[in-house]
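Position 1 is the first residue of the sequence, and the numbers go up from there. Computed over heavy atoms, backbone and side chain alike; hydrogens, waters and symmetry mates excluded.
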Amino acid sequence: MSHKQTGMTLIEMVIALAVIGILTGYAVPNYQEFKHNKMMTSEINRLVSSLHFARNQSIILGRHVILCPSQSLQSCDATSQWHKGWLVFRDDNQNRTLDNNEIILTTEQAMQDSLKAVASVYRQKIRYDRLGASPGTNLSIRFCDFRGAQHAKAIIVNNIGRPRVADTDHC
């Protein structure tokens with residue numbers, strides 16, 4: 001009685017492992033790139049969502065609304081570092097400062113540690129007026145991670161108050 005054995009020969013197994021190794025060598029770097037791009041996009045979308053929220057609230061409430069960087073989530077920071085967190089508040093007396101009687105509309109926690117989001121030191125806060133406009137100079141918030149300027153993005157808020165995302169060549 002003869003038994004026919006089925007299975008892989010040593011040569012077939014070595015070839016299969018070589019093919020798997022080559023495919024893995026191509027896939028891992030692409031996956032890392034995809035992961036970092038997804039993380040940056042997610043954080044950009046979170047800030048853009050807050051910009052839309054602040055603008056909508058200024059129109060709905062008919063009041064000035066401020067969006068500013070805030071690590072404590074209790075008051076605005078005197079920095080341009082948006083990656084540490086931010087808050088949106090109703091600016092009833094239009095002094096661009098969160099006072100005791102003014103209402104915080106929403107807050108957002110810090111971004112992922114590997115990401116930095118920094119604006120110009122000349123425009124640290126975003127003020128929306130009753131009509132949803134953001135008068136003054138355009139605001140640019142640059143997003144960078146350890147990969148450098150070739151992967152940098154920016155959120156640009158124009159005087160009308162609309163944000164857009166663009167590529168930028170510096171961090």
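Looking only at distances, a side-chain donor or acceptor of R55 sits under 3.5 Å from a matching main-chain atom of I160. Side-chain atoms of K125 come within 3.5 Å of backbone N or O of R96 as a donor-acceptor pair. No donor-acceptor distance shorter than 3.5 angstrom exists from the side chain of D91 to the backbone of H64, with no hydrogens or angles considered. Of the possible polar contacts, one joining the S134 side chain to the R127 backbone as a donor-acceptor pair under 3.5 Å is found. Side chain of E108 to backbone of W86: no donor-acceptor contact under 3.5 angstrom is found. Judged by distance alone, the side chain of S80 and the main-chain N or O of V118 form no donor-acceptor pair under 3.5 Å. Not a single donor-acceptor pair under 3.5 Å links the side chain of R164 to the backbone N or O of I156.
Here the CE atom belonging to M39 is positioned 10.5 Å from the CZ atom belonging to F143, to the nearest 0.5 angstrom. Separation of atoms NE2 (H52) and CD (Q57) is listed at 14.0 Å; rounding is to 0.5 Å. Summarising the geometry, atom OG belonging to S75 is positioned 7.5 Å from atom CG belonging to L87; distances are rounded to the nearest 0.5 Å. For the atom pair CZ of F89 and SG of C76, the computed distance is 4.5 Å after rounding to the nearest 0.5 Å. The NZ atom of K116 sits 7.5 Å away from the CD atom of Q81 when rounded to the nearest 0.5 Å. Rounding to the nearest 0.5 Å places CD1 of I126 at 9.5 Å from CD1 of I66.
At a threshold of 4.5 Å between non-hydrogen side-chain atoms, the residues K84 and P69 do not count as touching. Residues L67 and L51 form a side-chain contact, since some pair of their non-hydrogen atoms from C-beta on lies under 4.5 Å apart. Inter-residue side-chain proximity for M13 and L10 is flagged as met; some heavy-atom pair is nearer than 4.5 Å. For the pair H36/D145, a side-chain contact is recorded, criterion being any heavy-atom separation below 4.5 Å from C-beta on. Under the 4.5 Å side-chain criterion, counting only non-hydrogen atoms from C-beta, T107 is not in contact with S70.
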Practice task
Check the pair K153, D167 against salt bridge (charged side-chain N to carboxylate O under 4.0 Å, His left out), reporting the backbone distance first and the verdict last.
Solution key: CA-CA 5 Å; K153 300 277 186 197; D167 292 329; 2.5 Å; yes
Practice task
Walk me through it: do W82 and I155 pass the test side-chain contact (heavy atoms from CB on, under 4.5 Å)?
Solution key: CA-CA 11 Å; W82 290 85; I155 296 174; over 6 Å; no
Practice task
Apply side-chain contact (heavy atoms from CB on, under 4.5 Å) to the pair H151 and N37, showing each step before the final yes or no.
Solution key: CA-CA 8 Å; H151 294 279; N37 288 342; 4.3 Å; yes
Practice task
May I have the step-by-step check of side-chain contact (heavy atoms from CB on, under 4.5 Å) for L61 and R90, ending in yes or no?
Solution key: CA-CA 9 Å; L61 299 171; R90 200 173 77 192; 3.8 Å; yes
Practice task
Mind running side-chain contact (heavy atoms from CB on, under 4.5 Å) on R147 and M40 for me, showing each step along the way?
Solution key: CA-CA 11 Å; R147 298 176 294 170; M40 183 180 286; 4.3 Å; yes
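Environment of CZ in F146: crowded, with over 12 heavy atoms of neighbouring residues, nucleotides or ligands closer than 6.0 Å. Open room surrounds CD1 on I11; 12 or fewer heavy atoms of other groups in view lie less than 6.0 Å from it. No more than 12 heavy atoms of other residues, nucleotides or ligands shown are found within 6.0 angstrom of CD on Q109.
Across all their heavy atoms, R63 and R130 have their closest contact at N-CG, 3.9 Å. The two residues N138 and N159 make their nearest non-hydrogen contact at OD1-N, 3.5 Å. The heavy-atom pair separating Q74 from I104 by the smallest distance is O-CD1, 4.3 Å. Residues H170 and A152 share a closest heavy-atom pair of O-CB, 4.0 Å. Residue G132 comes nearest to S58 through the heavy atom pair CA-OG, 3.5 Å, listed as atom of the first residue, atom of the second, then distance.
Each of L105 and L98 belongs to its own hydrophobic cluster when Ile, Leu, Val, Met, Phe, Trp and Tyr are linked at side-chain heavy-atom distances under 4.5 angstrom. In terms of hydrophobic clustering, with Ile, Leu, Val, Met, Phe, Trp and Tyr side chains grouped at heavy-atom distances under 4.5 Å, F53 and I103 are assigned to a common cluster. I59 and V88 fall into different hydrophobic clusters, defined by Ile, Leu, Val, Met, Phe, Trp and Tyr side-chain heavy atoms under 4.5 Å apart, directly or through other members.
Side-chain atoms of D99 and N93 include a donor-acceptor pair closer than 3.5 Å.
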